[in-house]
Each structure stands twice: as structure tokens, then as C-alpha cells.
**Student:** 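Here it is, the structure, as C-alpha cells.
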Amino acid sequence: MGLKEKTFEVLDHTADLGILVNGADLKSLFQNAAHAMLQIMMDFQPEQTGIIRNISVEASDLPDLMVHWLGEILYFFEGEGQWVIETKIHDITSVHLDAQIETIPFSSIMQEHLTEIKAVTYHQIEVLHDNAGAWKARIIFDL
Amino acid sequence: MTLTPKKIDSCRWLIPRDGDMRVPGMVFANEIMMRSIEKDQSLEQVRNVATLPGIVGHSLAMPDIHWGYGFPIGGVAAFDPDEGIVSPGGVGYDINCGCRLMTTRLKADDIQPHIRDMVYALFKGIPAGVGSTGMLRLSKSKQRDVAVRGAAWAVKQGYGTARDLEKTEDRGVLPGADPSVLSERAVRRGLNQLGTLGSGNHFLEIQRVDKIYDREKAIRFNLFEDQITIFIHTGSRGFGHQICDDFLKEMNRKIAAGGQPFSLPDRQLACASLKSGLAKRYLAAMACAANYAWANRQILMHWTREILLKILATTPDALGMSLLYDVCHNIAKTESHTVNGKPVTLCVHRKGATRALPPGHPLLPDVYRSTGQPVLIPGDMGTFSYVLAGAEAAMEQSFGSCCHGAGRALSRSQAIKKAKSRSIHREMEDSGVFVQSRGKKTLKEEMPEAYKDISQVVEVVHQAGLARKVARLKPLGVIKG
């Protein structure tokens, strides 16, 4: 998946699961959040080349954009049977992003390695940047 | 904000009205449980729900309360139809997640040698696991029929009999379902997940009736000691998840655009006035998912019967599998209640809480009119599940509701850490429970220590008079996704 360093930590949540994600800029924050979610869902990395797709996501503000973005990746799996193996954000504002994702067909072999995420929630969602300009996000998933 | 609940008696705690709370909070728990509840953010969530417009009575929490998203798990809240709201997060993503219990004529002593074969056969025959798809492939028009007709659709296709509908909450169909309000994504996700168990805490269990508390009610429920029962816990799968997701996003968009005259302490509590078109569309979509879930459990029951008949090489009469009851625990429903001595219609949200109607309630089928509604409370896979009967105090104190399970005590990552280098499968087998699961991590996440003590949870609702204990069920075999 091209993830070189740990860019997120898991938050303990009694019923569900949350993550704290870091990013040097907004693009990397959103990419790291996607990678974090995919790592939580699947504990092995398929070595395959997939299909490249371009997607756009619209929202009302940055936290809403994060929920929509991660929800889009979840939908590819749940609705289309496609597992996302790579993401790249091309362009991002507080209400819109354009991204490229690479997907492979989900197979039954992968099922035993999966943890289900039912949804990306708005509960305590935060997308913030600090004084040094680095970005952080808190996201809680429904498992 | 620090919340200090005030103890009312041995099983009730009041969170006094404060700040922007419109009503007080009420938590059903004993002293020991409250010390544990206070450690997470669930009481704050009870407080947050109390700020929602049109809430009536108390923001309630059952003894299995734990930190959820938006509403606490174990939360119950009722809203006035004119002043109040409906909140998709107050129902949850797994709309009409619920339980179904079947009794049989089998005795545990007779089938003990066959438990492994039964579990293997059910594990092979019942689709389960993350993203699992079923043996059914619905056309869009058939899916619309499922969404409108619920369990009756399944019965018409030959999955069970019309008698099953009598023993299903709301006869397995919520009125007002309108598939025309569904998104294309929701429709797509519903096409191939009917007849699937799912993953996480969903399960199918073979159990033995371990203890009878109330002989008279047990006879009415067709329960006897050492009897084999089958318990199914699942919901509306990806179809329900997508519907919740779609409407939460729409309600959040409306709030961001300044379209709501109130502020929210948590965006997951996004909601719409019950009088609005948006609320009506959500309720019409939610009913579609609720009906899908009832059809799902009806189909899984039928397949379970067929698998057991084959593996045990027995006859339908000898197996004698019949539905005891089916209840949902994630729902918002329009119900009749009495508040301050006056009859009122309210929209009752149950987020991880079970309806518990008392004896004599007009919505009960004849067979349970004298006993009260059967209330099914699954525990963790290593200890017990319980059958209770709804009681009068539920109507007086909790809008006819009680708990829905044990409630988690450990987060999933804490559970995995605790289970490191252990074989939960072996430990379960040593304690007399044979388990098969699809996911590698599922057993660790779902190990018995991850849950609260179900016996204490049930004791609180029994003592509070919300529901009375009838029987205790011990797992013998479990299949999980």
C-alpha cells in the first residue's frame, strides 16, 4: 500500500473503533486516513495490480469531506465488491476533493483477513491543523 | 463536563437536568455497574440525547449501556410528534438488528454427540462473514417486495409458515415502507445480502435450556429444562447501513446549510423534525430496512431447520423447531404510551434496546397475552443468554423497553491484546462450547471477557420490573462471521 511509516494510532472505543491520523498537509492527511482505515479492515496486503479510477467527493466542510471520502472507499468494497489498494489525492479544498484510487476485485480468500467496518461516523469527528501547519484528524468507525 | 448521577434506588440513577438538557437522564444499573459505566463517555451521550428537541420524559439508558456514537448503546428516547425529531444515528447503521429464538423437541442429552456435526453443517450452509453474500439474488422488483412486505414476503416464498408472523414483533413488517425513497447505492447493497448472517457480534447459536425461573411462563413459551434452542442474531446488513449513512449525510448537509433551528452537541445526532418531509422519507426508508431484516431472519431460520433435518436425519415433527419470538433492538417506531396520565403517540428510538410489552398489552399475540412479550437477551458466546417476559414497569418507566444484551466491557483492541497467544477456540471448547468463525480476529474480539456480566444486566431489569426472568440458555455450539 506504500505506507512507509505509522501515520495513525488506534483510539480505544468500547463498542467501536477510532483512529487519530496525522498528515503533513491536507492531501496526505486524507490519504493517510484512507490507508489507516484499509489497514484496520484487512490484515494482509494483496500483491496485485488493479484498475485505476478517478473519483470526486463533495461535502459541506472538512469533517464532512472526511466522512464522505472514507465512506466512498467503503462503498467500493460493500457495494461494488472492489477492494481499494491505493489512493492518491490530486486536488482538495474544504468542500471537494478529486482523487485516483486503484481497486482489485474482492475475493473470498480475503474474507478471513477482514474486520468489518459498517460505517464512518460523525461522532466526535475532527479535522484540525496545528500552529506548525500539520494536520490531524479523529475518526470513529461503526464496527 | 463531569456528570454525577444520583442514586434513586438499587437499580436506577438520575442525571439531573442541567445546561441545555430538555429532560433529565435516567440510567438503569446497580452500584457496581455504574462504577464501570462512569469510565467511558456513555453518560455524556445520555446527556446529549436529552438536549434533542421534543424529547419526552427522560433520556433513558438500559443496564447494558456503553459508549456508542451519538446515542449510547442501550439508549431509549421518545419524541413528541409535533415538537420532536427522528435521528438516524439514534437507530443505528444496522437498522432492525435483532434476535430470533427457536425452540425444538430435542433434548441436549440426545444430541450432545452430534453438536460438532451440527455446527460444521450450519457453518457451511449459512452464509456468514464480512461482505458475505447470500444464495439469493434479488431482482430490484423482488427487493422492493421484501422492503414493503418483510417477513411475510419470506413466508410467501416458502421460508417458514404464517404462524411465524404471529410470533414476530409487528408481525415482521413496519408500515410506511417506501422503496422509492432509497438511493441507488442502498438498493445495490441490498440485492445480494438477503439470507446472510454478517460478522462482528452477529451469530447463530445452538443452546441448552439451563435453568427455568418462571415455570408458568416457560410452559407458555414452550420452554423446558435440557431442551435444545436455536438463537439467531443479525439485522439488515449493508442495506440498512447504507440507508442510515445516506440520511445522516443529508441531515448533516441541511444542518450545515443552517436548515435547523437548534444546535447539536454531536454531529452524529443529526436529525430532522418529525413533521418534515426529510423525516418522513427517512422513516419510509428505515421501514424498508427493518422489513428486510425481518425477512433475513425468517430465511435464516428456515435454512437452519433444513440443515438440521438433514444432518440429524430426522423428521420435521421429531425436530419440532418452532419460533418462540423475534425482536428488534435498533429501531424508531411510532407507539402509543401514557405520559402524565394522558395517552400520547410518540416516536420511540431504541438504540440497542428491546421492546418489552407487559401482559395484556393489545399488540401482543393471543399466545403471549397473559405472559407479556418474550424478551430475548443474548449474552457472550461463553456464558448465557436469557429469555424474559415484558412487565408493567417497562410501560411506566422506559416506554416499554429493556436491555438488549450484555454490552461490551472491553474495546476490540483491548480484547485482542488480552487474547494474545491464547486459543479462544480451544478455551471455548474446553468449557463445552464448540465454535466456528469465518474471520481470524472475530473470536478474540468476541471472547467472553470482552463483555459485561450478562447475569447482572438481566438482574437489574428484573429487579426494576422492566421484564421478568423466564429461562436461561447455555451455548453448546456457535457460528460467527
Side-chain angles (χ1 to χ4, degrees), chain A residues 9-19 40-44 57-68 70-72 74-83 94-95 105-126 139-143, chain B residues 39-42 45 66-70 72-73 89 92-94 129-133 184-186 188-189 192-193 198-202 237-238 240-242 244-245 248-249 252-257 266-270 352 407-414 437-442 445 481:
Chain A
E9 59 180 285
V10 172
L11 286 171
D12 259 343
H13 181 289
T14 324
D16 298 302
L17 188 142
I19 50 171
I40 287 166
M41 288 180 74
M42 177 88 80
D43 66 2
F44 99 120
V57 181
E58 304 278 349
S60 51
D61 55 25
L62 271 177
D64 194 35
L65 190 64
M66 182 64 87
V67 172
H68 277 72
L70 297 180
E72 199 69 17
L74 265 189
Y75 176 75
F76 268 98
F77 166 54
E78 284 279 354
E80 309 285 340
Q82 294 289 317
W83 182 252
S94 61
V95 293
F106 175 74
S107 73
S108 58
I109 300 161
M110 294 152 81
Q111 196 179 60
E112 66 179 288
H113 297 277
L114 271 173
T115 294
E116 182 175 47
I117 288 182
K118 287 184 191 144
V120 185
T121 81
Y122 286 93
H123 179 49
Q124 300 184 345
I125 181 104
E126 279 186 345
I139 305 138
I140 292 176
F141 302 107
D142 179 24
L143 299 191
Chain B
K39 288 180 189 162
D40 70 21
Q41 298 180 34
S42 49
Q45 294 188 313
H66 54 283
W67 183 19
Y69 42 89
I73 313 290
Y93 291 93
D94 197 355
V130 183
S132 51
T133 53
E184 184 56 36
R185 286 188 170 191
R188 196 173 167 89
R189 285 179 72 173
N192 59 7
Q193 291 200 335
S199 67
N201 61 3
H202 294 157
R237 311 282 292 109
H241 306 171
Q242 189 67 45
C244 179
D245 203 49
L248 263 176
K249 282 174 176 155
N252 265 297
R253 261 199 311 276
K254 191 164 181 197
I255 289 165
D266 182 346
R267 290 176 80 159
Q268 188 69 18
L269 292 173
R408 288 194 76 92
L410 299 180
S411 69
R412 284 169 167 86
S413 53
Q414 283 170 330
S437 86
R438 203 76 60 187
K440 280 165 63 183
K441 285 195 283 188
T442 308
E445 289 174 353

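On a predicted model such as this, the values are computed, not experimentally measured, just so you know. In what follows, chains carry the letters A, B, and so on, assigned in the order in which the sequence lines appear, proteins first and then strands, with residues in each chain numbered from 1.
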**Student:** Pick one of side chain, backbone, both or neither for B:Leu248, based on which atoms fall under 4.5 Å of a heavy atom in chain A.
**Tutor:**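 Contact with chain A: backbone and side chain both.
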**Student:** Assess whether side-chain contact (heavy atoms from CB on, under 4.5 Å) is satisfied between B:Gln268 and A:Gln124, documenting all intermediate values.
**Tutor:** CA-CA 8 Å; B:Gln268 188 69 18; A:Gln124 300 184 345; over 6 Å; no
**Student:** Quick check: closest heavy atoms across A:Gly71 and B:Lys249, and the distance to 0.1 Å?
**Tutor:** CA-NZ, 4.4 Å
**Student:** Who wins among B:Asn252, B:Ile255, B:Leu269, B:Asp94 for the most heavy-atom pairs under 4.5 Å with chain A?
**Tutor:** B:Asn252
**Student:** Side chain from CB out, backbone as N, CA, C, O: work out which of these in B:Ala409 comes under 4.5 Å of a heavy atom of chain A, or both, or neither.
**Tutor:**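 Backbone only.
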**Student:** Let me confirm one number: the OG-CZ distance from A:Ser60 to B:Arg267, rounded to the nearest 0.5 Å.
**Tutor:** 5.5 Å
**Student:** Given heavy-atom pairs under 4.5 angstrom as the criterion, report whether the side chain, backbone, both or neither of B:Leu410 touches chain A.
**Tutor:**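 When you check distances to chain A, only backbone atoms of B:Leu410 fall under 4.5 Å.
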**Student:** Is A:Thr121 close to B:Tyr93 at the side-chain level, that is, under 4.5 Å between some pair of heavy atoms?
**Tutor:**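 Side chain of B:Tyr93 against side chain of A:Thr121, heavy atoms only: contact under 4.5 Å found.
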**Student:** What part of A:Leu11 is in contact with chain B, defined as an atom under 4.5 angstrom from a non-hydrogen atom: side chain, backbone, both or neither?
**Tutor:**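 Contact with chain B is absent: no heavy atom of A:Leu11 under 4.5 Å.
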**Student:** Could you pull out the closest heavy-atom pair between A:His123 and B:Gly70, with the gap in Å?
**Tutor:**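 A:His123 and B:Gly70 have their closest heavy atoms at ND1-N, 3.5 Å.
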**Student:** Among B:Gly200, B:Gly68, B:Gly89, B:Ser42, which residue forms the greatest number of heavy-atom pairs with chain A at distances under 4.5 Å?
**Tutor:** B:Gly68
**Student:** Please look at B:Arg185 and chain A and tell me whether the side chain, the backbone, both or neither of the residue comes under 4.5 angstrom of a heavy atom of that chain.
**Tutor:** both
**Student:** Going from CD on A:Glu9 to OG on B:Ser413, what distance comes out if it is rounded to the nearest 0.5 angstrom?
**Tutor:** 11.5 Å
**Student:** Between B:Arg237, B:Gln193, B:Gln242, B:Arg188, which is the residue that forms a side chain to side chain contact (heavy atoms under 4.5 Å, CB included) with A:Glu78?
**Tutor:**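 Between A:Glu78 and the candidates, side chain to side chain contact (heavy atoms under 4.5 Å, CB included) is satisfied uniquely by B:Gln193.
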**Student:** Please name the pair of heavy atoms, one in B:Arg189 and one in A:Gly79, separated by the smallest distance, quoted to 0.1 Å.
**Tutor:**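 Result for this residue pair: CG-CA, 3.8 Å.
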**Student:** If I measure from the heavy atoms of chain B, does A:Ile125 come under 4.5 Å with its side chain, its backbone, both, or neither?
**Tutor:**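 Interface part for A:Ile125: side chain.
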**Student:** How close do B:Asp245 and A:Val120 get, heavy atom to heavy atom, and via which atoms?
**Tutor:**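 Looks like OD1-O, 4.2 Å.
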**Student:** How about A:Asp142 and B:Tyr69: does a side-chain donor come under 3.5 Å of a side-chain acceptor?
**Tutor:**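 A donor-acceptor contact under 3.5 Å links the two side chains.
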**Student:** How far apart are the C-alpha atoms of A:Thr115 and B:Arg412, what are their side-chain angles, what is the distance that settles it, and do they pass the side-chain contact (heavy atoms from CB on, under 4.5 Å) test?
**Tutor:** CA-CA 11 Å; A:Thr115 294; B:Arg412 284 169 167 86; 5.7 Å; no
**Student:** As a quick check of understanding, evaluate salt bridge (charged side-chain N to carboxylate O under 4.0 Å, His left out) for B:Arg253 and A:Asp61, giving each step before the final call.
**Tutor:** CA-CA 9 Å; B:Arg253 261 199 311 276; A:Asp61 55 25; over 6 Å; no
